[in-house]
Protein chains: 2
Amino acid sequence: MTESSEVIDELKKIVKQKGLKYTEQREVVLNVLLHAEDHLTAEEIYNLIKSENPDSNIGIATVYRALSFLEEVNLIASINFGVDGKKYESNKKEHHDHLICTSCGKIIEFVDNEIEKRQEKIAKKNKFKITSHSMQLYGICPDCQNKK
Amino acid sequence: MTESSEVIDELKKIVKQKGLKYTEQREVVLNVLLHAEDHLTAEEIYNLIKSENPDSNIGIATVYRALSFLEEVNLIASINFGVDGKKYESNKKEHHDHLICTSCGKIIEFVDNEIEKRQEKIAKKNKFKITSHSMQLYGICPDCQNKK
DNA sequence: CTTGCTGCAAAAGATTTGCATATCG
DNA sequence: CGATATGCAAATCTTTTGCAGCAAG
C-alpha cells in the first residue's frame, strides 16, 4: 500500500496541474478512503468526517463533488455492491478483486496474478493504456448455500 | 446463448416452485433483457417496454419489482458502470468483459478463456457458487492517446 | 375464493444544482 | 483581486411503499 502522504501529494500535483484549487475538503474525503477498511457510500463518508471532526462544517454536496472529482482523476474508484448502491474505495490501496455473495452481501477480496497478467496482455493487444480495473465475481457463499 | 424460450420456462418453473404467480409483466422485463445488446437501467427497460408496446400499461414500480425479483432468483444481474448507475443484464447471454475508455467512453468487449478459467478456480477455492461476474478494464484507448 | 401482483400516486432516498459567500493562488 | 470551491437549501432524479382493484391458481 502506498503511503498516504504520497497520495495526498499526488492530489496536490493533479490539482495544481489542472489549475484548480487545493482544499481541505478534498483532502479529507480522500483521506477517509485511504484509511478505510471498507468500501463506503457517499453518506458514510460524510458521517465519518462529521464524527471524527465534529467542528468541521462540510456539506454532503461537497462530499459528492469531491468524490466525483477524485474518481475522475482516478485516485478513487466506485463499485456497485448490488444491495447497498454505489460505494467508493481508494485506488491506491493494494489492488484486489471481489467475490461477492449476492445472498448475504459478504465480500471476500482476492488477487490473482495470472489474471492480472492476462489483463495487461489484453490491454496491450488493444493498445489501451490501463488506468484501473475492477472485477467482481457474484455468487452464493458456502454459508448461504447451506442455509437452504 | 441460451434459447430465450428456455429461460422463460425457467422463470415459470421458479415462480411455480415458490408458489408465486406468473405474470405477463415479469416475462416482458426478462424478455427485454434477453434481447438487449446493452446493459440497461430500470428506466431504460421501462421506456423500451412502453415504446415497443404502447398499449401496455406497465408501471415503473412494477419494473423495479420485477428486476429485484429476477435478480434474486439469478436470472439477471446488475452491474455498475460507474457513471450511469445500476444497470441490468441477463445472466443467460453469452458472457463478455469490458475494456472502457475513460476519455471517450468507447467500450470494447472481449472474452479471455484464461481469465474465465482462473475465475472458476478462485470460486472453487472459496467454495462459492458463481452466478455471474463482471470485469472492467478502464483506460485510454489508442485514439485518445494520440489526441493529446 | 384467496393470495399475490399491478398501477398509480405519494413518500423516501440519493444526488445534483443555483447562488451568495468564503477561500485559494 | 479573480477564479474556483463551499455550504446551504431547493430541485431533481431514482427507488420504494401503501393501497385499492385486478388476476392467477
Side-chain angles (χ1 to χ4, degrees), chain A residues 8-9 11-32 39-50 53-73 75-76 78-88, chain B residues 8-9 11-32 39-50 53-73 75-76 78-88:
Chain A
I8 299 289
D9 284 348
L11 173 58
K12 285 183 181 159
K13 217 177 83 187
I14 291 170
V15 163
K16 178 171 280 181
Q17 188 212 315
K18 295 202 163 215
L20 300 178
K21 287 174 181 170
Y22 189 78
T23 66
E24 182 69 16
Q25 288 87 338
R26 283 176 178 163
E27 178 176 319
V28 172
V29 169
L30 177 56
N31 213 39
V32 166
H39 302 73
L40 304 173
T41 63
E43 194 141 18
E44 284 165 346
I45 294 167
Y46 174 71
N47 290 331
L48 262 177
I49 294 172
K50 287 292 227 183
N53 209 342
D55 44 324
S56 98
N57 211 24
I58 192 169
I60 185 79
T62 302
V63 172
Y64 277 103
R65 286 187 279 230
L67 287 171
S68 302
F69 175 77
L70 293 171
E71 185 170 23
E72 199 171 294
V73 300
L75 287 173
I76 65 175
S78 66
I79 317 186
N80 176 13
F81 276 99
V83 186
D84 293 332
K86 202 170 189 176
K87 295 192 171 188
Y88 290 87
Chain B
I8 300 289
D9 285 347
L11 173 58
K12 285 182 183 160
K13 217 177 83 187
I14 292 169
V15 163
K16 178 171 280 179
Q17 188 214 313
K18 295 203 163 212
L20 300 178
K21 289 175 182 169
Y22 189 78
T23 65
E24 181 70 16
Q25 288 86 339
R26 283 176 178 162
E27 179 178 319
V28 172
V29 169
L30 176 55
N31 211 40
V32 165
H39 302 71
L40 303 173
T41 63
E43 194 140 19
E44 285 165 345
I45 293 166
Y46 174 71
N47 289 331
L48 262 178
I49 295 173
K50 288 292 228 182
N53 209 342
D55 44 325
S56 98
N57 212 24
I58 192 170
I60 185 80
T62 301
V63 173
Y64 277 104
R65 286 187 280 230
L67 287 170
S68 302
F69 175 77
L70 293 170
E71 185 169 23
E72 200 171 289
V73 300
L75 287 173
I76 65 174
S78 65
I79 319 185
N80 177 12
F81 271 98
V83 185
D84 293 332
K86 202 171 189 175
K87 295 194 173 187
Y88 291 87

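So that the names make sense, note that chain A is the first sequence line, chain B the second, and so on, each numbered from 1. Because only heavy atoms are used, hydrogens play no part in the values below, and waters and symmetry mates are left out as well, while side chains stay in.
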Rounded to the nearest 0.5 Å, what separates atom CD1 in B:Ile76 from atom CG in B:Leu30? 7.5 Å
Verdict with supporting geometry, A:Glu71 and A:Ser78, side chain to side chain donor-acceptor pair (under 3.5 Å): CA-CA 7 Å; A:Glu71 185 170 23; A:Ser78 66; 2.7 Å; yes
Does the side-chain contact (heavy atoms from CB on, under 4.5 Å) test come out yes or no for A:Ile14 and A:Leu75, once each step is laid out? CA-CA 10 Å; A:Ile14 291 170; A:Leu75 287 173; 4.1 Å; yes
Rounding to an integer number of Å, can you tell me how far A:Asn57 CG sits from C:dT21 P? 16 Å
Rounded to whole Å, CD of B:Glu71 lies from C1' of D:dT15 at a distance of 14 Å
How many whole angstroms separate atom CD1 of B:Ile58 from atom P of D:dC22? 18 Å
If you define the side chain from C-beta out and look only at heavy atoms, does anything of A:Thr41 sit under 4.5 Å from A:Lys87? yes
For a side-chain contact (heavy atoms from CB on, under 4.5 Å) check, start with the C-alpha distance between A:Leu11 and A:Phe69, then their side-chain angles and the critical distance, and finish with the verdict. CA-CA 10 Å; A:Leu11 173 58; A:Phe69 175 77; 3.9 Å; yes
Let me know the distance between CG of A:Leu11 and P of D:dA5, rounded to the nearest Å. 11 Å
Between residues 17-25 of chain B and DNA chain C, which residues have a heavy-atom gap below 4.0 Å? B:Leu20, B:Lys21, B:Thr23, B:Gln25
Bend across the helix from C:dC1-D:dG25 to C:dG25-D:dC1, to 10°, with axes taken over 5 pairs at each end? 50°
In terms of side-chain heavy atoms, does B:Glu27 have a donor or acceptor partner in B:Tyr22 at a distance below 3.5 Å? yes
Rounded to the nearest angstrom, tell me the gap between atom NZ in A:Lys12 and atom P in C:dC24. 13 Å
Under a 4.5 Å cut-off applied to non-hydrogen side-chain atoms, are B:Val15 and B:Lys12 in contact? no
Has A:Arg26 got a side-chain atom pairing as donor or acceptor with A:Lys21's backbone, closer than 3.5 angstrom? yes
Given the rule in the side-chain contact (heavy atoms from CB on, under 4.5 Å) test, do B:Ile49 and B:Ser56 qualify, once you have shown the distances and angles that lead to the verdict? CA-CA 8 Å; B:Ile49 295 173; B:Ser56 98; 4.0 Å; yes
If a protein heavy atom is under 4.0 Å from the base, mark B; if only from the sugar-phosphate, S; if neither, -; do that for nucleotides 15-20 of chain C going 5' to 3'. SBBB--
